[in-house]
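Below is one structure, written out as structure tokens; the observations come after it.
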Protein chains: 2
Amino acid sequence: MTRDTPSTRDALIEAGLSLLIEGGPEGLTLRRAAARAGVSHAAPAHHFNGLPGLQTAIATRAFALFTETMIRHRDAAEPTPFARLLAICDGYLDFAAQRAGLFHVMFNCPDLDHTDAALQSESAKAYGVLREGCLPFSGGPDLVTEGLVWSSVHGYAMLDFKQDGRQMGEVPPPFRSLLARLVDPTLSADR
Amino acid sequence: MTRDTPSTRDALIEAGLSLLIEGGPEGLTLRRAAARAGVSHAAPAHHFNGLPGLQTAIATRAFALFTETMIRHRDAAEPTPFARLLAICDGYLDFAAQRAGLFHVMFNCPDLDHTDAALQSESAKAYGVLREGCLPFSGGPDLVTEGLVWSSVHGYAMLDFKQDGRQMGEVPPPFRSLLARLVDPTLSADR
DNA sequence: CGGTCAGCTTTACACTGTCAAGCTGCAACT
DNA sequence: AGTTGCAGCTTGACAGTGTAAAGCTGACCG
């Protein structure tokens with residue numbers, strides 16, 4: 001494997017992350033990332049496959065941060081299955097709101113390279129946190145429960161924040177009340 | 001009210017729609033839409049507030065097509081509450097898959113003008129179809145049921161198609177099985 | 001008739017992603 | 001030791017983007 005000089009490649013990714021955090025979805029630009037990393041505007045081409053390649057690398061890092069956020073929320077929650085799963089979802093929604101630029105690149109960017117192994121690995125880890133949080137409710141892997149929670153929280157994030165609830169006539173109910181209809185909120189803590 | 005000459009304004013919107021349908025999310029460009037409408041590249045500025053304004057107008061039309069699709073599916077379904085709601089959701093998912101470019105502008109475009117009255121009206125109509133489909137299950141308006149179905153189908157659309165199921169280890173379950181856990185599939189047809 | 005102005009064009013500018021050419025310094029090989 | 005190869009990077013150029021400014025034109029109105 002041909003290992004890149006870590007500094008420049010990582011500097012570009014870090015620059016892109018900060019641009020997205022500061023400037024939202026539109027903040028990221030190849031040339032801006034290059035400038036912020038202190039290299040010429042054509043340097044990124046030697047580390048990534050154009051802008052889509054840089055976006056893919058940034059999304060990969062962003063998924064890792066995303067996973068961290070969900071885990072941090074989960075581990076701060078009370079040790080009941082419902083509280084833990086709700087905390088994971090709250091982390092999900094928090095990230096979507098606080099890191100809208102990253103969230104956009106991760107999920108709404110039209111030309112990510114979804115065949116990228118690192119991206120697949122990091123996004124699978126993120127999904128794994130949610131999947132694990134669902135386990136107690138089905139007594140084992142259950143694609144319907146997982147898919148339902150995953151879809152719901154993702155859809156809720158998009159509809160809630162990006163359009164601040166205007167689709168629904170009134171303010172949307174808290175996600176807690178949605179989740180309480182998906183899984184048993186009174187499940188005991190002994191797994 | 002100052003009514004624009006219908007032809008040019010509508011031609012620009014129609015051109016934008018076709019560009020999005022043919023070229024996906026990236027297909028739309030102010031200059032391309034202008035060229036396809038047979039006007040100069042600066043003409044759109046006299047009808048819309050820049051590119052965001054054109055995108056907003058296009059999204060408004062797209063929401064109308066979206067509503068039509070859901071209604072068409074619903075009206076072709078058997079007259080049970082579950083079959084009708086499932087058909088609405090299938091229309092939703094169909095549109096997301098077949099009209100990915102439009103769907104992207106409607107939901108993932110970072111700079112739509114969400115204060116636009118026409119856009120709000122059309123998107124509210126679309127939501128109304130789903131909301132109405134939910135009514136039989138709660139015996140009246142219920143934000144939790146609506147929010148759950150809306151979030152689920154929207155999240156399912158994003159996760160299913162744009163990333164063709166790679167987040168979930170295996171192929172995702174059909175939406176029907178998800179919906180069957182949200183509402184009562186055996187509800188009788190007499191409202 | 002004269003003026004106003006919406007609709008449109010032309011021109012220009014800053015910015016984008018990408019490509020081609022060239023430089024440079026390090027590593028490997030003979 | 002000398003040469004080659006090449007990864008990393010720069011410079012320069014190009015087509016394409018959104019947008020702003022200036023000017024044209026023809027219809028409407030007082």
Side-chain angles (χ1 to χ4, degrees), chain A residues 1-59 101 104-105 108-114 116, chain B residues 1-59 101 104-105 108-114 116:
Chain A
M1 61 154 62
T2 62
R3 195 137 180 82
D4 277 321
T5 299
S7 72
T8 298
R9 186 180 205 274
D10 290 355
L12 284 168
I13 296 177
E14 223 61 36
L17 281 172
S18 65
L19 283 171
L20 284 167
I21 289 174
E22 296 167 19
E26 323 260 52
L28 176 62
T29 274
L30 251 186
R31 290 170 110 104
R32 275 215 279 258
R36 185 165 288 206
V39 293
S40 83
H41 68 266
H46 292 265
H47 298 278
F48 309 99
N49 186 17
L51 178 61
L54 176 58
Q55 288 169 325
T56 301
I58 291 173
H104 184 267
V105 169
N108 298 338
C109 180
D111 36 29
L112 281 193
D113 175 16
H114 291 296
D116 183 89
Chain B
M1 61 155 59
T2 62
R3 193 134 180 83
D4 278 321
T5 298
S7 72
T8 297
R9 186 178 205 275
D10 290 355
L12 284 168
I13 295 177
E14 223 61 36
L17 281 172
S18 65
L19 282 171
L20 283 167
I21 290 174
E22 296 167 18
E26 324 260 54
L28 175 63
T29 275
L30 251 186
R31 290 170 110 104
R32 275 215 278 258
R36 185 166 289 206
V39 293
S40 82
H41 68 267
H46 291 265
H47 299 277
F48 309 99
N49 185 17
L51 177 62
L54 176 58
Q55 288 169 325
T56 301
I58 291 173
H104 183 266
V105 169
N108 298 337
C109 181
D111 36 28
L112 281 193
D113 176 16
H114 291 296
D116 184 90

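Convention: sequence-line order gives letters A, B, ...; per-chain numbering from 1.
- What separates CG of B:Leu51 from C1' of D:dT17 is a distance of 10 Å, to the nearest Å.
- The one candidate from A:Val105, A:Leu51, A:Asp113 that meets the side chain to side chain contact (heavy atoms under 4.5 Å, CB included) condition with A:Thr56 is A:Asp113.
- Listed by first and then second residue, the salt bridge (charged side-chain N to carboxylate O under 4.0 Å, His left out) pairs that reach into residues 38-48 of chain B come to none, sequence neighbours excluded.
- Listed by first and then second residue, the salt bridge (charged side-chain N to carboxylate O under 4.0 Å, His left out) pairs that reach into residues 42-52 of chain B come to none, sequence neighbours excluded.
- Atom CG in A:Asp111 sits roughly 9 Å away from atom P in C:dT18 (whole-Å rounding).
- Contact annotation: side chain of A:Arg31 to base of C:dG17, donor-acceptor pair present below 3.5 Å.
- Here C:dT16 presents its P atom at 10 Å from CG of A:Leu19, a figure rounded to the nearest Å.
- Atom CZ of A:Arg32 is separated from atom P of D:dT17 by 19 Å (rounded to the nearest Å).
- For A:His47, counting side-chain heavy atoms from C-beta on, the closest listed nucleotide (C:dT18, D:dG18, D:dC9) is D:dC9.
- For the pair A:Leu28 CG and C:dC15 P, the computed distance is 17 Å after rounding to whole Å.
- Here salt bridge (charged side-chain N to carboxylate O under 4.0 Å, His left out) pairs that include residues 41-57 of chain A, with residues two or more places apart or in two chains, number zero.
- At a threshold of 4.5 Å between non-hydrogen side-chain atoms, the residues B:Phe48 and B:Ile13 count as touching.
- When the C1' atom of C:dT16 is taken as reference, atom CG of A:Leu54 falls 14 Å away, rounded to whole Å.
- Distances shorter than 4.0 Å separate some side-chain N or O of B:Thr8 from OP1 or OP2 on C:dC8.
- Applying the side chain to side chain donor-acceptor pair (under 3.5 Å) rule to pairs touching residues 13-25 of chain A yields A:Glu14-A:Arg61, A:Ser18-A:Arg36, A:Glu22-A:Arg36, sequence neighbours excluded.
- Of all nucleotides listed (C:dG17, D:dG18, C:dT9), D:dG18 comes nearest to the side chain of B:Thr29.
- Within a heavy-atom distance below 4.0 Å of DNA chain C, the residues of residues 35-44 of chain B found are B:Val39, B:Ser40, B:His41, B:Ala42, B:Ala43.
- When rounded to the nearest whole Å, the span between NE2 of A:His46 and P of C:dG22 equals 15 Å.
- Residue A:Leu30 contributes atom CG, which lies 14 Å from atom P of D:dT10 at whole-angstrom precision.
- Distance from the side chain of B:Pro52 is smallest to D:dT19 among C:dT18, C:dC8, D:dT19.
- A salt bridge (charged side-chain N to carboxylate O under 4.0 Å, His left out) check over residues 45-58 of chain A, counting only residues at least two apart or in different chains, returns nothing.
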